[in-house]
Asker: 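Starting off with a structure, shown below.
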2 protein chains.
Amino acid sequence: MKTRGIEASLREQGLRMTRQRKILLELLEQSGAHLDAEHLYRLARERDPKLNRVTVYRTLKLLKDSGLVDELDLMHWEGEAHYYETRMKQEHAHVVCLRCGKVEEFYGEPLRRMRRQIENHLGFQVLMVRTEAGGYCSHCRVLRAREMEQAAEGARVRNARRTKR
Amino acid sequence: MKTRGIEASLREQGLRMTRQRKILLELLEQSGAHLDAEHLYRLARERDPKLNRVTVYRTLKLLKDSGLVDELDLMHWEGEAHYYETRMKQEHAHVVCLRCGKVEEFYGEPLRRMRRQIENHLGFQVLMVRTEAGGYCSHCRVLRAREMEQAAEGARVRNARRTKR
DNA sequence: GTTAGTGCAAACCTTTTGCAGCTCT
DNA sequence: AGAGCTGCAAAAGGTTTGCACTAAC
């Protein structure tokens with residue numbers, strides 16, 4: 001959804017498209033990445049140094065409640081911040097590397113099928129589904145194995161020392 | 001996994017099974033429900049009034065990092081608290097009613113299939129998958145429709161008043 | 001006797017709230 | 001005028017940290 005479309009959505013709800021909201025929406029759309037409130041705030045201040053952190057939070061809440069952006073946790077990869085993305089794309093899962101923080105998106109039939117099954121089996125009217133996976137990306141998997149090996153080595157040394165004494 | 005099994009897991013990592021941890025683990029297992037830190041703390045204090053809130057947090061973190069319990073957000077239904085459940089059961093999704101807060105669990109093939117696809121397509125080693133859906137349960141769906149109707153009615157009245165003036 | 005774990009107080013970080021002033025319409 | 005919106009300061013909510021003391025191994 002373009003900023004235009006979002007503006008229309010806001011208007012329908014009797015809400016206004018202010019200078020601040022325009023800045024925040026543009027940043028959210030440009031950045032393909034997943035921004036958290038603080039990051040978004042810093043970017044926004046580059047365009048308008050007076051823009052307040054509170055406005056960022058209020059805007060994000062508004063957009064979230066209007067269903068215009070989705071809120072993610074990314075498996076709490078570093079801290080409790082929430083990440084936001086505009087709701088333009090197809091439903092997808094987020095896969096986070098717990099070592100390097102890389103985020104990949106996963107599209108696929110199982111997601112849609114799950115939504116349908118939840119609706120049919122549980123009688124829920126599903127408004128949002130959030131699927132997040134945590135693990136190690138192909139790159140970090142190797143490095144991780146090496147790290148574990150070294151940790152085990154360290155433990156062996158420590159144990160040996162203890163036994164000797 | 002029984003408390004026994006968890007105790008063994010802790011021991012393997014050179015960790016200790018203290019009175020406090022035993023209490024917390026038992027509570028987590030007994031309660032089929034999804035407890036948050038505060039709730040767990042209150043229950044724990046009934047058994048040991050001196051047990052500190054900080055210990056609850058530290059224990060939960062420990063168990064989470066050891067992969068012995070899973071951490072949920074339940075779509076941030078009321079606040080930012082995290083909910084915990086022991087990792088005994090099969091992989092499942094949590095479906096939260098955004099009106100009454102009821103939580104249902106969903107088991108099914110799509111979940112397992114999704115995990116496999118993420119591993120195959122993205123080359124990730126998946127350690128945890130968390131799927132949460134938000135919506136309205138069959139009961140609240142009806143009530144919700146009624147509420148929306150009343151809200152719309154209210155808006156009509158307000159608009160009429162404004163136009164008249 | 002070591003090392004891990006606990007309790008207490010205080011800090012921390014993210015997010016929300018109250019309120020006066022501003023700005024669209 | 002009247003509603004929505006912003007900025008500022010202050011509070012809230014959930015969680016973590018530093019440190020001295022205690023308990024498990």
Side-chain angles (χ1 to χ4, degrees), chain A residues 7 9-25 35-42 44-45 47-66 71-74 76-84 154-155 158-159 161-165, chain B residues 7-8 10-25 35-42 44-45 47-66 71-74 76-84 154-155 158-159 161-165:
Chain A
E7 177 157 359
S9 290
L10 292 180
R11 284 236 140 73
E12 273 172 36
Q13 298 172 62
L15 304 173
R16 292 168 187 172
M17 175 58 69
T18 62
R19 183 172 43 79
Q20 292 90 333
R21 287 183 184 168
K22 203 164 268 169
I23 292 174
L24 295 172
L25 279 169
L35 300 174
D36 63 11
E38 187 61 25
H39 194 166
L40 181 58
Y41 170 55
R42 267 182 271 132
R45 249 191 340 188
R47 298 208 193 171
D48 176 356
K50 301 304 274 305
L51 196 152
N52 195 279
R53 183 184 272 104
V54 174
T55 299
V56 174
Y57 280 106
R58 280 196 279 233
T59 302
L60 285 174
K61 182 169 197 141
L62 183 103
L63 293 172
K64 183 178 57 172
D65 292 348
S66 313
E71 186 183 54
L72 316 171
D73 296 295
L74 300 183
H76 301 124
W77 159 255
E78 62 178 30
E80 295 308 315
H82 297 142
Y83 303 84
Y84 299 87
R158 278 194 300 282
N159 277 331
R161 225 186 343 242
R162 176 143 59 112
T163 313
K164 208 161 20 170
R165 260 188 272 169
Chain B
E7 178 158 357
L10 291 180
R11 285 234 143 72
E12 274 173 36
Q13 299 170 62
L15 304 173
R16 292 166 187 176
M17 177 56 70
T18 62
R19 184 171 42 81
Q20 292 90 333
R21 286 184 185 168
K22 204 163 267 168
I23 293 174
L24 294 172
L25 279 170
L35 301 174
D36 62 12
E38 188 61 26
H39 194 166
L40 180 58
Y41 170 56
R42 267 181 269 132
R45 251 192 336 190
R47 299 209 192 170
D48 175 359
K50 301 303 277 302
L51 196 152
N52 196 278
R53 182 185 273 103
V54 175
T55 299
V56 175
Y57 279 107
R58 281 196 278 232
T59 302
L60 286 173
K61 183 171 196 141
L62 184 102
L63 293 173
K64 182 179 57 171
D65 292 348
S66 313
E71 187 183 54
L72 316 172
D73 297 295
L74 299 184
H76 300 125
W77 157 257
E78 62 179 30
E80 295 308 317
H82 298 140
Y83 303 84
Y84 299 86
R158 278 194 300 282
N159 278 330
R161 226 189 339 247
R162 175 143 59 111
T163 312
K164 206 160 24 173
R165 258 186 272 166

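Below, read A as the first sequence line, B as the second, and so on, with proteins coming before strands; counting in each chain starts at 1. As the structure is a prediction and not an experimental result, all values here were calculated from the model.
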Asker: What is the distance, to the nearest angstrom, from the CZ atom on R45(A) to the P atom on dT6(D)?
Answerer: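 It works out to 17 Å between those atoms.
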
Asker: Starting at atom NZ of K50(A), determine the distance to atom C1' of dA9(D), rounded to an integer number of angstrom.
Answerer: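 After rounding, the reported distance stands at 16 Å.
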
Asker: Using the C1' atoms of the five pairs at each end, what is the angle between the end axes of the helix from dG1(C)-dC25(D) to dT25(C)-dA1(D), to 10°?
Answerer: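 Comparing the axis at each end, I get an angle of 30°.
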
Asker: Does the side-chain contact (heavy atoms from CB on, under 4.5 Å) test come out yes or no for D73(A) and H76(B), once each step is laid out?
Answerer: CA-CA 10 Å; D73(A) 296 295; H76(B) 300 125; 3.5 Å; yes

Asker: Using only atom types and a distance under 3.5 Å, with no angle test, would you say the side chain of D36(B) pairs donor to acceptor with the backbone of H39(B)?
Answerer: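 Yes, because the side chain of D36(B) sits within donor-acceptor range (under 3.5 Å) of the backbone of H39(B).
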
Asker: Determine the minimum heavy-atom distance between V56(A) and A37(A), stating which atoms define it.
Answerer: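 The pair with the smallest heavy-atom distance is CG1-O, 3.7 Å.
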
Asker: Quick one: H39(B) NE2 to dG14(D) C1', roughly how many Å, whole number?
Answerer: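 Going from H39(B) (NE2) to dG14(D) (C1'), I get 17 Å.
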
Asker: Does a donor on one side chain and an acceptor on the other come within less than 3.5 Å for Y41(B) and R45(B)?
Answerer: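 A pair is found: one side chain offers a donor N or O, the other an acceptor, under 3.5 Å apart.
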
Asker: For a quick test of reading the model, state the closest non-hydrogen atom pair linking Y84(A) to E71(A) and the distance between them.
Answerer: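 Where Y84(A) meets E71(A) most closely, the heavy atoms are OH-OE2, 3.0 Å.
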
Asker: Please lay out, stage by stage, how E7(A) and L25(A) fare under the test side-chain contact (heavy atoms from CB on, under 4.5 Å).
Answerer: CA-CA 10 Å; E7(A) 177 157 359; L25(A) 279 169; over 6 Å; no

Asker: Spell out protein contact along nucleotides 19-25 of chain D as letters: B when the base is contacted, S when just the sugar-phosphate is, - when no protein heavy atom is under 4.0 Å; keep the 5' to 3' order.
Answerer: ----BBS

Asker: For the pair made of CG in L51(A) and P in dC22(C), what is the distance, rounded to whole Å?
Answerer: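 Rounded to the whole Å, the gap is 17 Å.
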
Asker: How close or far is atom P of dG13(D) from atom OH of Y83(B), stated in whole angstroms?
Answerer: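 Interatomic distance, OH of Y83(B) to P of dG13(D): 14 Å.
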
Asker: Set out, in order, the CA-CA distance, both residues' side-chain angles and the distance that settles side-chain contact (heavy atoms from CB on, under 4.5 Å) for K22(B) and M17(B), then state yes or no.
Answerer: CA-CA 7 Å; K22(B) 204 163 267 168; M17(B) 177 56 70; 3.7 Å; yes

Asker: Expressed as a whole number of angstroms, how long is the span from N52(A):CG to dG18(C):P?
Answerer: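 To the nearest whole Å, that distance equals 17 Å.
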
Asker: Over all heavy atoms of both residues, which pair between Y83(A) and W77(A) is shortest? Give the atoms and the distance, please.
Answerer: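 Minimum heavy-atom separation between Y83(A) and W77(A): OH-O, 3.4 Å.
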
Asker: Distance check needed: dC24(C) P versus R21(A) CZ, whole Å only.
Answerer: 12 Å

Asker: Using a cut-off of under 3.5 Å, enumerate the N/O to N/O pairs linking the protein to nucleotides 13-15 of chain C.
Answerer:
residue, atom, partner, partner atom, Å
dT15(C), OP1, H82(A), ND1, 3.2
dT15(C), OP2, Y57(A), OH, 2.7

Asker: Whether R53(A) and E38(A) form a salt bridge (side-chain N of Lys/Arg under 4.0 Å from carboxylate O of Asp/Glu) is what I want to check.
Answerer: yes

Asker: Walk me through it: do L62(A) and L10(A) pass the test side-chain contact (heavy atoms from CB on, under 4.5 Å)?
Answerer: CA-CA 9 Å; L62(A) 183 103; L10(A) 292 180; 3.9 Å; yes

Asker: For D48(B) and dT6(C), what is the distance between atoms CG and C1' respectively, to the nearest whole Å?
Answerer: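 So the two atoms are 11 Å apart, to the nearest Å.
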
Asker: Sub-3.5 Å donor-acceptor pair from the side chain of T55(B) to the main-chain atoms of L51(B), do we have one?
Answerer: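 Such a contact is absent between T55(B) side chain and L51(B) backbone.
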
